[in-house]
Amino acid sequence: MTRVGIVGAGNVAARHADVLSGFPDVTIAGIADTDPHRAEALASKHGTPAYGGHADLLSAGGLDAVYVCVPPFAHGNPEHDVLSCNLPIFVEKPLSLDLQTAEKIASEIERRSLPSAVGHHWRYLDIVEHARDLLADRPVRLALGHWLDKVPPVPWWLNRHMSGGQIVEQAVHVLDLARLLVGEVEMVHAVPAGNDTGDGEVDRATSAVMRFTDGAAGLLATSCLLTRKHRVGLEVCADGIALELSETRLLVDGDRVIEDDGQAKTRVDREFINAVRGGPADVRVPYSEALRTHRLALALARSAAERRPVMLHE
């Protein structure tokens with residue numbers, strides 16, 4: 001039986017707990033959160049101890065792996081403490097608010113040769129596999145990414161110093177998919193809309209141009225001005241074909257719809273557990289791979305903040 005500890009007790013942590021509790025070879029050994037009421041509520045649902053912080057969870061011992069599902073501003077210390085216990089780690093995106101924190105964590109994972117994974121579950125959509133097959137012999141020349149949505153109902157999200165902004169906190173999923181289907185990005189130029197909602201708040205809308213290393217052109221549009229999720233996904237154009245992907249379906253050439261099977265959020269956890277158990281595992285986004293996507297998201301955020309193009313190698 002694989003004993004998993006969970007750091008964080010928010011909505012994403014609760015989703016992972018629900019998935020993990022359904023695996024016959026996994027036991028949730030404890031849940032930690034700085035909000036004791038939230039930790040207790042999720043822990044009681046799964047019949048496991050609650051802890052007021054990750055240090056107490058780790059001190060209790062008996063863990064085989066740890067999930068770190070904390071807000072962007074809280075990354076860093078939990079990961080380093082988990083790794084100091086030599087435990088495999090699953091980290092929810094975004095990796096951090098800055099590059100240095102994530103790079104230090106990546107170096108420590110590599111130094112210890114530990115299994116790792118990051119929650120870019122879009123990589124496990126079965127429609128993504130369909131898209132890759134359709135694009136196998138024709139490179140993408142144009143990519144159009146969107147995340148047009150509402151403000152999430154958490155108090156820290158509108159503070160750019162706590163969430164990192166919409167590109168880092170949300171659109172990173174679209175950027176990860178673009179890297180998978182199109183390739184690496186070498187230059188970005190993000191333009192934020194005028195922000196009159198208060199100093200330090202996230203940009204409510206941003207448009208960006210991206211130049212991919214192999215010559216493809218890309219656009220990204222984000223907004224949190226709306227009252228509901230309006231459009232989230234990635235469109236790509238290659239020779240003779242146009243694909244539009246969301247988290248639920250693939251639209252081919254505007255008229256053929258392929259629905260996703262809805263199992264991506266289960267697969268991402270299953271494959272990490274397989275890696276922890278030492279068996280065959282299809283971990284598609286280890287921490288080192290997620291770091292590449294994080295670097296791209298931070299470059300876009302920096303470009304918007306500094307009002308200038310940014311090269312990825314800067």
Side-chain angles (χ1 to χ4, degrees), residues 12 68-76 79 91-106 116-123 143-149 151-152 154 156-193 201-213 216 218-224 232-234 245 247 284-314:
V12 174
V68 177
C69 306
V70 299
F73 60 87
H75 284 286
E79 287 91 337
V91 179
E92 260 304 333
K93 43 59 61 185
L95 301 183
S96 62
L97 290 179
D98 63 296
L99 192 55
Q100 185 179 37
T101 296
E103 287 180 336
K104 286 181 177 178
I105 293 167
S116 69
V118 173
H120 283 298
H121 63 272
W122 285 33
R123 294 266 190 132
L144 311 171
H146 306 87
W147 199 293
L148 311 178
D149 203 345
V151 174
V154 288
W156 46 262
W157 198 87
L158 278 175
N159 185 332
R160 72 168 69 251
H161 304 297
M162 299 181 79
S163 70
Q166 188 175 19
I167 291 174
V168 172
E169 209 284 321
Q170 286 184 325
V172 67
H173 277 305
V174 173
L175 296 174
D176 189 66
L177 189 57
R179 285 189 54 245
L180 179 69
L181 296 181
V182 189
E184 301 298 339
V185 175
E186 63 180 19
M187 185 279 293
V188 298
H189 189 184
V191 179
E201 289 202 347
V202 303
D203 297 318
R204 298 304 181 94
T206 305
S207 62
V209 175
M210 300 181 288
R211 183 173 69 229
F212 289 82
T213 302
L219 300 174
L220 177 69
T222 66
S223 177
C224 56
V232 172
L234 179 71
L245 293 105
E247 197 175 351
R284 299 182 184 179
V285 189
Y287 198 96
S288 59
E289 172 67 9
L291 181 58
R292 295 175 180 269
T293 298
H294 188 54
R295 190 174 285 120
L296 171 58
L298 289 177
L300 283 156
R302 177 182 166 196
S303 176
E306 297 181 0
R307 307 297 203 269
R308 68 176 183 88
V310 168
M311 302 298 294
L312 266 291
H313 56 72
E314 286 185 5

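Quick caveat: nothing in here was measured; it's all calculated off a predicted structure.
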side-chain contact (heavy atoms from CB on, under 4.5 Å) between W147 and I167: does it pass, once the steps are laid out?
CA-CA 8 Å; W147 199 293; I167 291 174; over 6 Å; no

*asked:* Using side-chain contact (heavy atoms from CB on, under 4.5 Å), reason through Q166 and T206 one step at a time and then give a plain yes or no.
replied: CA-CA 9 Å; Q166 188 175 19; T206 305; over 6 Å; no

*Only counting residues at least two apart or in another chain, list the ones meeting salt bridge (Lys or Arg N to Asp or Glu O under 4.0 Å) with R211.*
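For R211 the salt bridge (Lys or Arg N to Asp or Glu O under 4.0 Å) partners, ignoring immediate neighbours, are E186.
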
* To do: Output all residues satisfying salt bridge (Lys or Arg N to Asp or Glu O under 4.0 Å) with R308, sequence neighbours left out; order by chain, then residue number.
  =>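 So R308 forms a salt bridge (Lys or Arg N to Asp or Glu O under 4.0 Å) with E306, E314.
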
With sequence neighbours excluded, residues passing side-chain contact (heavy atoms from CB on, under 4.5 Å) with [X]:
{"X": "L97", "value": "P72, F73"}
{"X": "A299", "value": "V188, V310, L312"}
{"X": "L298", "value": "L99, V168, H294"}
{"X": "A205", "value": "A193, S223, L225"}

Please identify each residue that fulfils side-chain hydrogen bond (donor to acceptor under 3.5 Å, both in side chains) with [X], with sequence neighbours left out.
{"X": "H173", "result": "none"}
{"X": "R284", "result": "E129, D282"}
{"X": "T101", "result": "D98"}
{"X": "E247", "result": "H121"}

Check your understanding: Do V68 and E79 have side chains that get closer than 4.5 Å, going by heavy atoms?
Key -> yes

Q) Quick one: are E169 and K93 in side-chain contact, heavy atoms under 4.5 Å? A) yes

Check your understanding: So with a 6.0 Å cut-off around CZ of R292, is the heavy-atom count from everything else above 12?
Key ->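 No, the 6.0 Å shell around CZ holds no more than 12 heavy atoms from other groups.
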
Check the pair Q170, D149 against side-chain contact (heavy atoms from CB on, under 4.5 Å), reporting the backbone distance first and the verdict last.
CA-CA 10 Å; Q170 286 184 325; D149 203 345; 4.0 Å; yes

- Message: Please give me the minimum heavy-atom distance between W157 and P152, naming the atom from each residue.
- Response: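 W157 and P152 have their closest heavy atoms at CD2-CD, 3.3 Å.
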
Result for side-chain contact (heavy atoms from CB on, under 4.5 Å) between V185 and one of L300, L296, T293 points to L296

Hey, are R179 and E184 close enough for a salt bridge, meaning a charged N less than 4.0 Å from a carboxylate O? yes

Does H75 reach the main-chain N or O of P94 with its side chain, forming a donor-acceptor pair under 3.5 Å?
->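 Yes; judged by distance alone, with no hydrogens or angles, the pair exists.
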
Check: Would you find a donor on one side and an acceptor on the other, under 3.5 Å apart, between the side chain of R204 and the backbone of C224?
Finding: no

Is there a side-chain contact (heavy atoms from CB on, under 4.5 Å) between H146 and V174? Walk through the geometry before answering. CA-CA 7 Å; H146 306 87; V174 173; over 6 Å; no

